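Got a structure here, written out as structure tokens. Questions coming.
Keep in mind the model is a prediction, meaning the values are calculated, not measured. All chains are named by letter (A, B, ...) in the order of the sequence lines, taking the proteins before the strands, and each is independently numbered beginning at 1.
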Amino acid sequence: MGNKAKSNLAIKIILLAATFVIIQLLIFLDVINDYLQATMATICINIILAVSLNLITGFTGQFSLGHAGFMSIGAYTCALITLRNPTLPGFIIGVFAGAVMAALIGGIVGLPTLRLRGDYLAIATLGMSEIIRIVFLNLDSITNGAAGLQDIPQFTNWIWLFIFTTGTVLVISNFIKSSHGRACISVREDEIAAEAMGINSTRYKVIAFIIGSFFAGIAGALYASTFNFIDPKIFGFSKSIDVLVVVVLGGLGSISGSIIAAVLLGIITTYLQAFANIQMILYSVLLIIIMIFRPQGLMGSKEVSLSIFSKLGSIIKPKKGRA
Amino acid sequence: MALLSVNKLTKSFGGLTAVLNVNMEINQGELVGLIGPNGAGKTTVFNLITGMYEPTSGTITLDSNGIKKEIQGLKPYTICNIGLARTFQNIRLFKDLTVLDNVRIAMHKNVKYGLFSSFFHLPSHSREEALLTRKSLELLEILKLDHKKDELARNLPYGEQRHLEIARALATNPVLLLLDEPAAGMNPAETAQLTELISWIRKEFNLTILLIEHDMSLVMKICERIYVLDYGMVIAEGTPEEIKNNKRVIEAYLGEDMSNAGD
Amino acid sequence: MEQLFQQAINGISLGSIYALIALGYTMVYGIIKLINFAHSDVYMLGAYIGYVCMTKLKLGFLPSLLISMALCTLIGVLIEKIAYKPLRNATRIAVLITAIGVSLFLEYTTMAIAGANVRTYPPLTGFMNMSFEIGSVSITMMQIIIVSVTIVLMVLLQFIVKKTRIGKAMRAVSLDSDAAELMGINVNTTISFTFALGSALAGAAGIMVGNYYNSINPLMGMLPGLKAFVAAVFGGIGIIPGAMIGGYFIGIVEVLVSGYGNSMYRDGVVFAILILVLIIKPTGLLGKNTREKV
Amino acid sequence: GAETAGANEIGIGINYELSGEVASYGQVSVYGIELAIEEINAAGGINGKLIKPFKYDNKSDKSQATTLAKKLMTQHKVVAVLGPATSGAFKATIPEAIKNKVVVVSGSATDDAVTVDENGVKEYAFRICFTDSYQGTAMADFASNNMKATKAVVLLDNGSDYAKGLAANFTKKFEANGGQVAATEAFVAGDTDFNAILTKIKNQEFDVIFLAGYYAEAGLIIKQARSQGINTPILGPDGFGAPELVELAGADAVNDVYYTSHFSELDQDPSVAAFVEKYKAKYGEVPNQFAALGYDLMMFVADGIKRAGTTDTVKIKEALEATTNYNGVTGSFSIDENHNPVKAVVIVEMQNGQAVSSQRVEQ
Amino acid sequence: MLEIKDINVHFGVIHALKGISFTVNEGEIVTLIGANGAGKTTTLRTISGLKKPTSGSIIFEGKDITHSTAQERVRLGISQAPEGRRVFPSMTVLENLELGAFLRKDKKGIADDLKMVYDHFPILADRKKQAAGTLSGGEQQMLAIGRALMSRPRLLLLDEPSMGLAPLLVQEIFNIIKEINKAGTTILLVEQNASMALQIADRAYVMETGSIVLSGTGEELMQSEDIKKAYLGG
Ligand SMILES: Nc1ncnc2c1ncn2[C@@H]1O[C@H](COP(=O)(O)OP(=O)(O)OP(=O)(O)O)[C@@H](O)[C@H]1O
Ligand SMILES: Nc1ncnc2c1ncn2[C@@H]1O[C@H](COP(=O)(O)OP(=O)(O)OP(=O)(O)O)[C@@H](O)[C@H]1O
Ligand SMILES: [Mg+2]
Ligand SMILES: [Mg+2]
């Protein structure tokens, strides 16, 4: 039991390290050029967004259309801090301050609205994120209004993106695999039964919402630092929808699904760019076709299993006696 | 002093009074039946006791381990955490989760590690998770579901779903267990097995049980005391023998043929 | 005072347009619990069809209205058959994503065919171009037409849903489609009918808005669509009079905020009030908050 | 291994808003660009080499614009990137231009800070349109001096930095001239109903309205204002310059409307007339100023490449910097040390839906 | 009247019905008994058209209805009271009953049948304005049966009609089934309460994991030792 968990952990660490080293090498050899790196940055940010929204919508079952709002809080907070303090510590503080601010607002927003159900909640979260956007639009003296903030110091690079992306994925998937995470899932499955089993459903909805907002804040901060500029338009309704598309495409309740979908969509959009005028038409048709043939998403609610690797591992490793 | 006392409990839905001035006492360790015609208000009484509904009037008092507490109107999860667990008449499992997870979720209230530990899977997490999984598996074994632990709840046949509901309720570590028609949808053979199981569980877990059931073979066999509800009111209370021969109960509920069932 | 009166008229005519679109949203939602994002694009197509009829074919308003409604009905039913029907047993959120796909498809296909630029309806003439002045308050004929059409359609829809056989079938399908089949209800026909009805409404709204503002573009459905959706939720989604009330509410609040407050916070105020209302009445203004019986 | 231009070709990047919010500006700009390319290639290309365009849609999204600029420069190895159309998106591509030493040129990014900021001129960014502060200031002067206005109302698209910049510059200059801004009201691009703010200003006293926004909303505002009986002159920026303005407002309503323009299809200049003809033949509609600016943009860059005599991107930049008295359909201009064109602004007067007069205001 | 020929049904990889065949004759009460998950409900759903078989055919009154829609089958006179009741929760009791008569046009007949249902289940008359979802479990069961009767079926499919009913009513419900049958409706009954079901049934089939393993008259099966042990708890 303990052994299995440990060997799983070891395999995970080896896989991550290998991914990191390979990509780092490819960047060094210029196989992954600047352009591909930018695409990778977008993919990483989308992974963070999708995984965190998946916690709220996929695992806890709370339909949120306001993820872009929390992302924008992280982005503005981090941008304002790094503009005043353009140093690496400034950047790190900025990212975490952004995340904490987003989580804070997430909590404040979550408490009253999370007693709403289904589509009513969706609309309330949509409204919240629109209000956040309108506030940013009108706080000219701080946010520079519609023109947004420019020349935000760029600290993110592949290494930072990798750290934050894997960090997010690990923390959220660890959470899901804990009793608290299962409590969230039970709220999705049947709120009444969950309450009858001693689970305070409101508490777990708010927790999921706060964690989700926290990581959306991180994604926003990374966005600001990667692309050097932000403005309120970036964080509109359609951004929230884009994230939702990734989550549903990957599979509600599947973290690996979200990751795969983010990567896949990143690649697809890159290829579709070649069809300037009709790329959106192709994209929409693709979306419809995928949903018709795979309505549960690419992964359903399953995860890519590590067992393949464990098997490999046990073949390679000389068999020791079990403790 | 009784473990659970229900005092002048009343619940109206608009113009309809589903439960009226119900008084009930359940003593520590008892197995009590709650029967009555369809629509008599039995499930509503359960819903009131477990906090699903707020009573229109009346009190519900739980006296466990020397602590006396009025629980009417509290939230369901609070009541569960105080030590009351229930099953549902219309099975309400977490259908898309595995059998094991259904039980592990119900064990949540015993978990002590915090959120932080859950993010990073600190040792406290691993330790408690291992313990919790072991206990869940033990429960599943008792209810003969251990071989299906990785099956989705929705794929279990009806009878096993009822078993799982009971396992899940037990996992919350209750002092008082409320069962709502546990034998519904089972054939007589299965019902007989269930009857055994319930009395075994009661001893093993040192439980007090209140159960609703229409299957008299089960009720008459294991209940020590029975309350009969009709039109929201208690019309009779007594031992199975007394209830079986109570004219009002026969008239309203049992019918002539049934009054000699179960023996 | 006169200004207030004028603003009220402004608000009611703006609200009517939201209400008109919201009715279609709510219809479809009421039966398959789908937020049909493509609805506002059918509205956009209605406006374009009307445009072709009135500028290229030089038809009058009424024939154009009928053609637009008829074609939109066809489009709506087609969308349902192609994109939604295969997903009958899928989760609601999967259908929602499909609806977003359909919405993008309609928007960008229209853009590819008709260009991204705005198109303009011909100026109104004769009877349709009349306006009435009472003091300094003015009302145009088009405003009167829009308000009356909205109210008539609302009443008609409410009648269909509550009183007719097909309406009963619609409600049954929305509650439990398997059980509805056992009653001998043809679920597919019923859903198609709902889409047909909703799309006809969208078509009517499109051509009326085209004539009223005389500006149409491929993305014209997005903003009013979003607001209509908010309106439907505000009134209690799935409830026909609710959509109407929600539409008028949003129209009037927008106008009041712009007219008497700070126009920059217009949408913010609308959303803030919406959230407050939902916190007090979690299922919208007319929604019944029935807790599930266990 | 993305495709690059062949030995006898010159790669030009086109990075425009073909979908999304401002697709209408991007698409029309690209129409102009493509017409120019067709003409240049039909005439044998530049220095014997044909233009090979690489066209991408940035979906009106700034980060897409950056990514695409990077792609065009590093993958397709283009010698210049045209677009995006709007200032925000265009600015987002400039860091890439500087990093890769490839010029980015816009036809319609009018924001002041596009080519120059407090750190000096942005080496690889150019534009061929005048700036917002210039047109805002010109309009304020026009209001104070020519119309003798003392009170103005400002209406602006609050979601657009373009409109906000214009409104700020107009207000500043108008107040410096001794005038007073009686009210400022905002709307959002995509709105169609402006009756509420119009009813609100109707009861106030003012001499002119300055309407900072694009024709799509401006047309509707003019129509609704006139039908509410607001008959004061309406002044606007280059964003008014499209035939749709009159179509939207209805010819009867477009009275006493004045706007700054890059281009007027009524211009008597023969090169303009020829352009309008060719454009109509190809696309079946009258070109608006985005089309004209797009056309000029391509021609201007082609001219630079020709003068550079090479496809070396640094040389091309230097050639563009040295542009003097370039003659385009949007007027003749030279590039100043801030990479802005020194260009006359035309103030067009509209009556009954017709442009009746135009005044040239030199910079 | 009804002939099931070699029906196979799959749910994804689960083979729920493995080539079952049986018949129901006009005027009979036929009962299907079997353990949990044997496939009884699936059989009824296949007959009423809610589930499409992968192979096999269903003949109703000489007509092949294998590919007919559920709606057409209702029109032909097949009606089902489904497992889990499936009442329309936010509609009233009366509206639920009216929907049962959805395909009928004879106002008078409908009114008569409504009265007949109320006579059988007086509590439904008391509750006719109440939302069906708030009825007690047993009340919903009565509503589901009543609703199935409202189409005046020629073949009535009942899936565990006695589940959740009070003892007195269990008696009553079997009496009602007999009565309905006498009045000319053929009945296919699925029951866990096997002894009662076998008592009133003309013929019975026993199902086990998707196959029919035994058949005979009600009497015969009542006497079978295996049946007694497995289903009658004795
Ligand atoms: N939420 C509610 N709204 C309105 N009426 C209700 C509600 N809940 C229960 N009732 C009514 O109260 C009465 C009692 O219902 P309850 O479910 O308690 O009956 P029960 O004794 O459990 O019956 P059964 O044995 O059939 O399950 C019923 O007549 C029911 O219609
Ligand atoms: N929708 C479904 N998806 C997957 N499997 C299903 C589905 N419905 C039924 N099954 C499976 O088909 C088999 C037969 O189920 P069915 O419900 O017909 O049994 P039953 O005899 O009616 O049992 P019960 O007495 O519990 O009602 C079971 O193994 C069940 O798990
Ligand atoms: Mg009950
Ligand atoms: Mg069954």
Counting distance only, does the side-chain N/O of B:N187 pair as donor-acceptor with the main-chain N or O of E:A194 below 3.5 Å?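 Checking the backbone N and O of E:A194 against the side chain of B:N187, no donor-acceptor pair under 3.5 Å is found.
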
Under 4.5 Å from any heavy atom of chain B, what part of E:E139 do you find: side chain, backbone, both or neither?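 Looking at E:E139, backbone and side chain both touch chain B.
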
Answer with side chain, backbone, both or neither: which region of B:L16 has an atom nearer than 4.5 Å to a non-hydrogen atom of chain E?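 It is the side chain, since no backbone atom gets that close.
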
Which region of B:A252, side chain (C-beta onward) or backbone (N, CA, C, O), has a non-hydrogen atom less than 4.5 Å from a non-hydrogen atom of chain E, or is it both or neither?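 B:A252 touches chain E through backbone heavy atoms alone.
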
Of all heavy-atom pairs between E:P167 and B:M216, which one has the smallest distance, and what is that distance?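 That closest heavy-atom pairing would be CG-CG, 4.0 Å.
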
Can you tell me if NZ on E:K128 sees more than 12 non-hydrogen neighbours from other groups inside 6.0 Å?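 Check fails, neighbour count at 12 or below.
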
Within the 4.5 Å heavy-atom criterion, are E:L168 and B:L254 side-chain neighbours or not?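 Counting from C-beta outward, E:L168 and B:L254 never come under 4.5 Å.
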
How far apart are the closest heavy atoms of B:N90 and E:R85, and which atoms are they?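 Heavy atoms only, the tightest pair is OD1-NH1, 3.3 Å.
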
Examine whether an atom of B:E190 lies under 4.5 Å from a heavy atom of chain E, and if so say whether it belongs to the side chain, the backbone or both; otherwise answer neither.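 Just the side chain, heavy atoms under 4.5 Å.
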
Nearest non-hydrogen partners of B:G36 and E:A166, listed with the distance: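 Shortest heavy-atom separation between B:G36 and E:A166 comes out as O-CB, 4.4 Å.
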
Working to the nearest 0.5 Å, report the span between NE2 of B:H214 and OG of E:S162.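 Answer rounded to 0.5 Å: 10.5 Å.
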
Max heavy-atom pair count under 4.5 Å with chain B, selected residue of E:Q130, E:M163, E:R127: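 Ranked by contacts with chain B, first place is E:M163.
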
Validation row: E:L169, B:N38 side chains within 4.5 angstrom (heavy atoms):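 Yes, close enough: below the 4.5 Å cut-off.
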
E:K115 atom NZ: more than 12 heavy-atom contacts under 6.0 Å: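 No.
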
Is any side-chain heavy atom of E:N36 closer than 4.5 Å to one of B:Y158?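 Touching, per the 4.5 Å side-chain cut-off.
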
At what distance, to the nearest 0.5 angstrom, does CG of E:N193 lie from CG of B:D215?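 Going from the CG atom of E:N193 to the CG atom of B:D215 covers 8.0 Å.
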
Part of B:E251 within contact of chain E (heavy atom distance under 4.5 Å):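 Just its backbone gets close to chain E.
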
Are there more than 12 heavy atoms of other residues, nucleotides or ligands under 6.0 Å from atom OH of B:Y231?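 No, OH of B:Y231 has 12 or fewer neighbouring heavy atoms, counting only those of other groups under 6.0 Å.
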
Using a 6.0 Å cut-off, check whether atom CD of B:E224 has over 12 heavy atoms from anything other than its own residue.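 Counting neighbours around CD of B:E224, more than 12 heavy atoms of other residues, nucleotides or ligands fall under 6.0 Å, so yes.
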
